[in-house]
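Below: the structure, in structure tokens.
Quick caveat: nothing in here was measured; it's all calculated off a predicted structure. Quick note: residue numbers are just sequence positions, from 1.
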Amino acid sequence: MTDYADVPIRPASTVVLLRDGDDDLEVLMVQRNRKLVFAGGFWVFPGGAVDDADRERANGDEDEAARIAASREAQEEAGVTPDPNDMVLISHWTTPVGEPRRFSTWIYAGAIEPDATITIDGGEIHDHQWIGVGAAIDKHIAGNLQMLPPTYITLLALRRYRTTDEALAGERETPCPRVIPLMLPIEGEGGFITLYEGDVSFDSGDMSLDGPKHRTTLQDGRWVYEYSGVTDFPPLYPQD
């Protein structure tokens, strides 16, 4: 088995592009090329690594460079350019130890014109769709929209909003979770479980322990988020 413990962590950023739908807040989701090694075929939000040019434009400011990178990636992958200064930080995720590629990723939300023309790059990105937040969650639960935990958790966080203005205003007032998960295989089941701070097994990785649960579990191709009995750490998105 390859040991990826020393894989360097690269800065990256993502932008959740929003528009008002007829019945629900809509997000732009793009599908990664199925031939890609990392998350091939998965549905994601536009984004990618922060590069030297982004850092130069930002004069070394880390947050500004991440915003610039998110806007640039949206242009490269979807043909639209959200204003970096109007983006709102939703969360920050670091890829778990043991993965062959690790990123320190800022996830922003940003608005674009409702009738903006989406043009995918045809290389890394092979498809796109505007979809209501609730519909995206339902499709994932049904096994028809494959995604990673940060994408799913972001959708759950946005589910309580109905308009773009409401979402951006709400996220400006919501604390930004900074997440460094622990990912473990589920022995005998072929799935994965991702642990977060506050989970009884987070520090040790010992899944036999009883106690507070803060985790997402991959079951039948869908993620299930569980937050129960935790007192020391907040959930990754506001609970109902």
Side-chain angles (χ1 to χ4, degrees), residues 12-21 23-30 39 42-47 63 66-67 70 73-74 82 84 86-96 103-112 129-142 145-183 193-199 202 212-219 222-228 230 232-240:
S13 60
T14 294
V15 59
V16 187
L17 298 173
L18 306 174
R19 74 177 187 184
D20 294 345
D23 302 310
D24 196 2
L25 176 67
E26 293 185 348
V27 296
L28 178 68
M29 301 194 72
V30 295
F42 280 48
W43 287 88
V44 299
F45 308 118
D63 175 72
R67 292 172 179 272
E73 289 285 345
D86 291 339
M87 294 179 186
V88 177
L89 183 61
I90 298 178
S91 60
H92 182 278
W93 291 69
T94 300
T95 310
F103 296 94
S104 171
T105 304
W106 289 259
I107 299 180
Y108 298 97
I112 60 172
Q129 61 179 315
W130 280 105
I131 185 170
V133 172
I137 292 170
D138 289 344
K139 288 185 71 171
H140 176 69
I141 291 173
L145 202 65
Q146 195 175 20
M147 62 184 72
L148 294 169
T151 308
Y152 184 55
I153 296 297
T154 299
L155 290 169
L156 292 176
L158 293 173
R159 180 171 54 182
R160 66 190 189 276
Y161 304 119
R162 289 293 172 265
T163 68
T164 299
D165 288 344
E166 184 182 343
L168 296 178
E171 288 304 307
R172 285 191 183 95
E173 302 301 322
T174 302
C176 169
R178 296 186 176 272
V179 190
I180 306 178
L182 174 65
M183 182 174 283
I193 190 163
T194 305
L195 305 178
Y196 310 109
E197 286 188 293
D199 193 284
F202 179 77
K213 291 182 172 59
H214 191 194
R215 57 186 67 176
T216 47
T217 306
L218 185 61
Q219 300 176 351
R222 63 189 180 94
W223 293 101
V224 177
Y225 179 72
E226 185 174 4
Y227 180 84
S228 62
V230 181
D232 297 335
F233 297 92
L236 298 184
Y237 65 96
Q239 305 293 284
D240 295 334

Using every non-hydrogen atom in the two residues, find where [X] and [Y] come nearest and quote the distance to one decimal.
X: S13; Y: A70; answer: OG-N, 3.1 Å
X: V230; Y: K213; answer: CG2-O, 3.5 Å
X: I90; Y: E171; answer: CG2-OE1, 3.7 Å
X: A109; Y: V15; answer: C-CG2, 4.3 Å
X: I107; Y: L89; answer: O-CD1, 3.5 Å
X: Y161; Y: G170; answer: OH-C, 3.3 Å

Rounded to the nearest 0.5 Å, what separation is found between the [atom1] atom of [X] and the [atom2] atom of [Y]?
X: W93; Y: I153; atom1: CH2; atom2: CD1; value: 5.0 Å
X: T94; Y: I180; atom1: OG1; atom2: CD1; value: 4.5 Å
X: R159; Y: L25; atom1: CZ; atom2: CG; value: 13.0 Å
X: D63; Y: W106; atom1: CG; atom2: CH2; value: 8.0 Å
X: L148; Y: W43; atom1: CG; atom2: CH2; value: 14.0 Å
X: D165; Y: D20; atom1: CG; atom2: CG; value: 6.5 Å

Kindly write out the residues that satisfy ring pair (Phe, Tyr, Trp, His ring centres under 6.0 Å) with Y237, not counting sequence neighbours, or none if the list is empty.
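Y237 satisfies ring pair (Phe, Tyr, Trp, His ring centres under 6.0 Å) with Y225 only.
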Can you sort out the partners of F202 under ring pair (Phe, Tyr, Trp, His ring centres under 6.0 Å), two or more places apart, ordered by chain and number?
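Testing F202 for ring pair (Phe, Tyr, Trp, His ring centres under 6.0 Å), a comparison that skips the adjacent residues, returns none.
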Is a side-chain donor or acceptor of [X] paired with a backbone partner of [Y] at a separation under 3.5 angstrom?
X: H140; Y: L145; answer: yes
X: H92; Y: C176; answer: no
X: T95; Y: F103; answer: yes
X: T14; Y: G47; answer: no
X: W223; Y: M147; answer: yes

Residues in side chain to side chain contact (heavy atoms under 4.5 Å, CB included) contact with [X], at least two apart in sequence or another chain:
X: A111; result: T164, L168
X: I141; result: I137, Y152, R222
X: R162; result: D24, E166

Compare all side-chain heavy atoms of P46 with those of L17 and state whether any distance is below 4.5 angstrom.
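Side chain of P46 against side chain of L17, heavy atoms only: contact under 4.5 Å found.
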Would you call M87 and P82 a side-chain contact if the rule is heavy atoms closer than 4.5 Å?
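Yes, close enough: below the 4.5 Å cut-off.
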I'd like to know whether M29 forms a side chain to side chain contact (heavy atoms under 4.5 Å, CB included) with F45, so could you lay out the CA-CA distance, the side-chain angles of the two residues, the decisive distance to 0.1 Å, and finally the verdict.
CA-CA 5 Å; M29 301 194 72; F45 308 118; 4.0 Å; yes
Pair R160, T174 - check side chain to side chain contact (heavy atoms under 4.5 Å, CB included), show working.
CA-CA 12 Å; R160 66 190 189 276; T174 302; 3.2 Å; yes
Can you tell which of V224, L182, T217 makes a side-chain contact (heavy atoms from CB on, under 4.5 Å) with I193?
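Result for side-chain contact (heavy atoms from CB on, under 4.5 Å) with I193: T217.
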So L158 and L18, side chain to side chain contact (heavy atoms under 4.5 Å, CB included) or not? Walk me through it.
CA-CA 10 Å; L158 293 173; L18 306 174; 4.3 Å; yes
Going by side-chain hydrogen bond (donor to acceptor under 3.5 Å, both in side chains), name the residues that satisfy it together with E26, two or more places apart in sequence or in a different chain.
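Scan of E26 (side-chain hydrogen bond (donor to acceptor under 3.5 Å, both in side chains), adjacent residues dropped) gives R19.
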Please test R178 against E197 for salt bridge (charged side-chain N to carboxylate O under 4.0 Å, His left out), starting from the C-alpha separation and ending with a verdict.
CA-CA 10 Å; R178 296 186 176 272; E197 286 188 293; over 6 Å; no
Candidate pair F233 and D199, rule side chain to side chain contact (heavy atoms under 4.5 Å, CB included), full reasoning:
CA-CA 9 Å; F233 297 92; D199 193 284; over 6 Å; no
